[in-house]
Amino acid sequence: MHKFFVLLLLLPLSIFADIKIAVTYPYIGAIVKEISKDKVSTYVLAKGNWDPHFVVPRPSLIAKVRRVDGIIINGGELEIGWLPPLIKRASNSKIAKGSIGYLDLSRYIDFLDKPTKLDRADGDIHPDGNPHYHLDPKNILILAKAIKNYLIALDLDNKKEYETNYTSFVNLWNGKIKEWDKKMEDKKGIKIVQYHNNLAYFNNAYSLKTIGTIEPLPGIPPSSRHTMELINKIKAQKPSAILHDVYHSTKTAKFIASKTGIPVIIMPHDIESLDEIEDLVSLFDYLTSAIK
Ligand SMILES: [Zn+2]
């Protein structure tokens with residue numbers, strides 16, 4: 001009996017301790033779950049049906065971030081309005097920028113809509129280019145690899161598990177990409193309108209063309225002048241639909257639809273942005289079925 005307790009004391013702590021990771025958005029949490037299974041506890045900071053640009057850094061979020069071993073962010077300035085004050089107030093050295101626990105996924109992605117050097121006329125909330133890159137399913141594979149390497153660096157003891165889970169995820173995902181490509185084949189080249197250009201990477205992946213947005217510039221609410229111009233553009237160019245996010249009011253979109261006859265289609269951008277979007281696969285299953 002005595003010997004048993006001595007042995008127990010000698011076991012490495014990592015057997016008992018979960019790693020705790022904060023992630024900014026549900027889609028990141030879902031990738032961490034795929035790679036880590038039960039080895040990591042994940043805290044998702046933003047809800048899936050919130051505007052990802054504007055999250056309120058509530059005290060409960062600060063308390064969570066204070067206790068974690070690492071943080072994974074989307075980056076590309078998507079969290080610029082809410083995460084820096086939250087990290088500052090949590091004062092947790094494990095998640096300081098540049099530390100092993102800090103992972104900025106945007107570093108692995110080639111951005112669309114990168115602004116040209118002297119031109120800042122594209123609004124204020126996409127200063128480095130379009131940060132909504134996770135809606136290209138091929139980018140999910142790049143993110144999964146970055147997250148796998150990050151977890152191994154943070155928790156070498158479980159390296160083998162992370163590698164095995166990563167390989168199964170890549171196999172599953174490659175199969176799904178083929179399926180989604182096939183579903184979207186006849187949508188190639190269709191024109192669409194959006195509220196905010198949060199489908200830029202999805203549209204790029206499947207060759208859909210955005211002819212305009214309901215907001216005049218990223219982050220700027222619709223104006224009647226811009227709405228009238230957009231209605232004229234829709235009448236001239238005949239796009240198939242208005243693809244709309246879940247978190248802005250659809251009032252202007254419905255007005256435009258009533259003047260032009262094109263449908264408004266709600267497009268989820270993250271897990272739990274709609275009730276039926278429970279995981280990464282159902283997110284892309286939904287998106288690739290939404291446009292009729
Ligand atoms: Zn945006």
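If you read the sequence from its start, that first residue is 1, and numbering goes on from there. Each ligand, and each atom within it, is numbered from 1 in the order the structure gives.
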Verify whether the ring centers belonging to Phe284 and Trp173 lie closer than 6.0 Å. yes

My understanding is that only one of Lys114, Glu77, His132 makes a side-chain hydrogen bond (donor to acceptor under 3.5 Å, both in side chains) with His126; could you say which? His132

Is the shortest side-chain N to carboxylate O distance from Glu229 to Arg225 below 4.0 Å? yes

Check Lys39 with Glu161, please: is the shortest side-chain N to carboxylate O separation under 4.0 Å? yes

For the Zn ion (ligand 1), how many protein N, O or S atoms lie at less than 2.8 Å? 4

Heavy-atom side-chain proximity of Leu45 to Val55 below 4.5 angstrom: no

Cationic tip of Lys148 within the cone over Tyr166's six-membered ring, i.e. under 6.0 Å and within 45° of the normal? yes

